[in-house]
Structure formats: structure tokens, C-alpha cells
Amino acid sequence: MSRIGKNPVTIPSGVTVEVTGNVVTVKGKLGELSQEFDAVEVKVEEGQVVVERSTDAKDHKAKHGLYRALIQNMVVGVSEGFTKELELVGVGYRASNQGQKLDLALGFSHNIVLDLAPEVKVETISEKGKNPIVKLTSHDKQLVGQVAAKIRSFRKPEPYKGKGIKFVGEQLRRKAGKSA
């Protein structure tokens, strides 16, 4: 039995969950998210969302935990939101934003200008003597992770000096240099 799937999702105050057909819609103070589902049954009862499956088929077991986790992420997203922080490590690496445009100077001949989705709020923090930080905030966990991965892909951290774009708190595997 799915340990994750059988746990109910508690609904905090200020959040409403509606199930119509095979679509779950979650509304809260930060926004609205919806998710289609199949192979499971979703019920809202007594301030909790319960996900049940009809059979013990392998596909149904997998989707049982999946949809429960997706609903949990939607509930947390519309009530609290999700944040990802990226750190630019390297001499001359800079980040600035104007509205939804993120401007990155990563040592290429031209700056990289990235237009972000309106659901993602971007903030850049540049303090003297510290690495610049790009802070992404959204109510959609998948979207904020996807945008963060896209930004990181422009200049992944290299293993010798650690230069590149990394997540704040990420531990990098470092290699020793040449031994003469």
C-alpha cells in the first residue's frame, strides 16, 4: 500500500478544494491551481482531501501516491508559496531584473536576458563582497523548479573552482586539480 497515498491532505483555513469530474481545483490567497487525475478517486471530507485507488494494479499504486503529492503541493503552494534561490559564483557574474526580465552577465560575450512567466516573481540580491543571488517565488512548485533549472543550465557549476550558477545550499563535488 502506498504510504504517501493513504495519508490525507489537510486543508488550511483560507484554502478551498473542489473536485469536478476528474479535475481538482485548489484556490487560496496566492492563486489558483488545477490538476487532472485518473485511476484514483479524490474526495473532500471534513477539512481533508482523501485519495483512494480502485485496484492494486501497479499503475494505480504509482498514481495513488503521485496525485496525493501533487494535491499536497498545490495546497501548500496557494497558501504559503515556494521559493528557490540561485547563487552566481564567479568573478564578474552579475544579475539584475526589471519587472519580469532577468538580465544575467555570466562571462559570455553578451548578457542573457530571460523573460519569466507572470506567475513567477523574481528578485535579485547583490551585496558587496558576496555572490549575487536570484530569488524565484511562485505558488506553482513545478513552474518555479523548471525556471530555476533553466537559469542554472546557462552556466552549471564546474567541479574545479565551483564557478557557475548553483542553488543556495547545494553541495558540489569538487575535484583536485593537476598534480605536477
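All of these numbers come straight from a predicted model, not from anything done at the bench.
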Does E45 use its side chain to pair, donor to acceptor, with the backbone of Q48 at less than 3.5 Å? no

Can you name the residues that form a side chain to side chain contact (heavy atoms under 4.5 Å, CB included) with A57, not counting sequence neighbours? T55, H60

Side-chain polar contacts of residues 103-117 - donor-acceptor pairs under 3.5 angstrom, sequence neighbours left out - could you list them?
from	atom 1	to	atom 2	distance (Å)
D103	OD1	N111	ND2	3.4
D115	OD1	K101	NZ	3.0

Side chain proximity check, V120 to T137, heavy atoms < 4.5 angstrom: no

Does anything in residues 29-42 form a side-chain hydrogen bond (donor to acceptor under 3.5 Å, both in side chains)? List the pairs, not counting sequence neighbours. D38-K63, D38-Y67

Tell me, yes or no, whether the heavy-atom count around F154 atom CZ, taken from other residues, nucleotides or ligands under 6.0 Å, exceeds 12. yes

4.5 Å side-chain heavy-atom contact, V26 and V24: yes

Let me check something: any side-chain donor-acceptor pairs from residues 82-96 under 3.5 Å, sequence neighbours excluded? List them with distances.
from	atom 1	to	atom 2	distance (Å)
E87	OE2	N131	ND2	3.0
Y93	OH	R155	NE	3.4
R94	NH1	G92	O	3.4

Strictly distance-based, threshold 3.5 Å: is any side-chain N or O of Q146 a donor or acceptor partner for the main-chain N or O of L143? no

Would you please name every residue forming a side chain to side chain contact (heavy atoms under 4.5 Å, CB included) with Q171, sequence neighbours left out? none

Can you see which heavy atom on G162 is nearest to which on P157, and at what distance? O-CB, 4.4 Å

When you measure from the side chain of K141 to the backbone of S138, do you find a donor-acceptor pair of N or O atoms at a distance under 3.5 Å? no

Quick check: do I151 and L102 have side-chain heavy atoms less than 4.5 Å from each other? yes

Correct closest heavy-atom pair for R53 and D56 would be NH2-OD1, 3.0 Å

Sorted by first residue and then second, give each side-chain hydrogen bond (donor to acceptor under 3.5 Å, both in side chains) pair with at least one member in residues 11-22; sequence neighbours left out. none

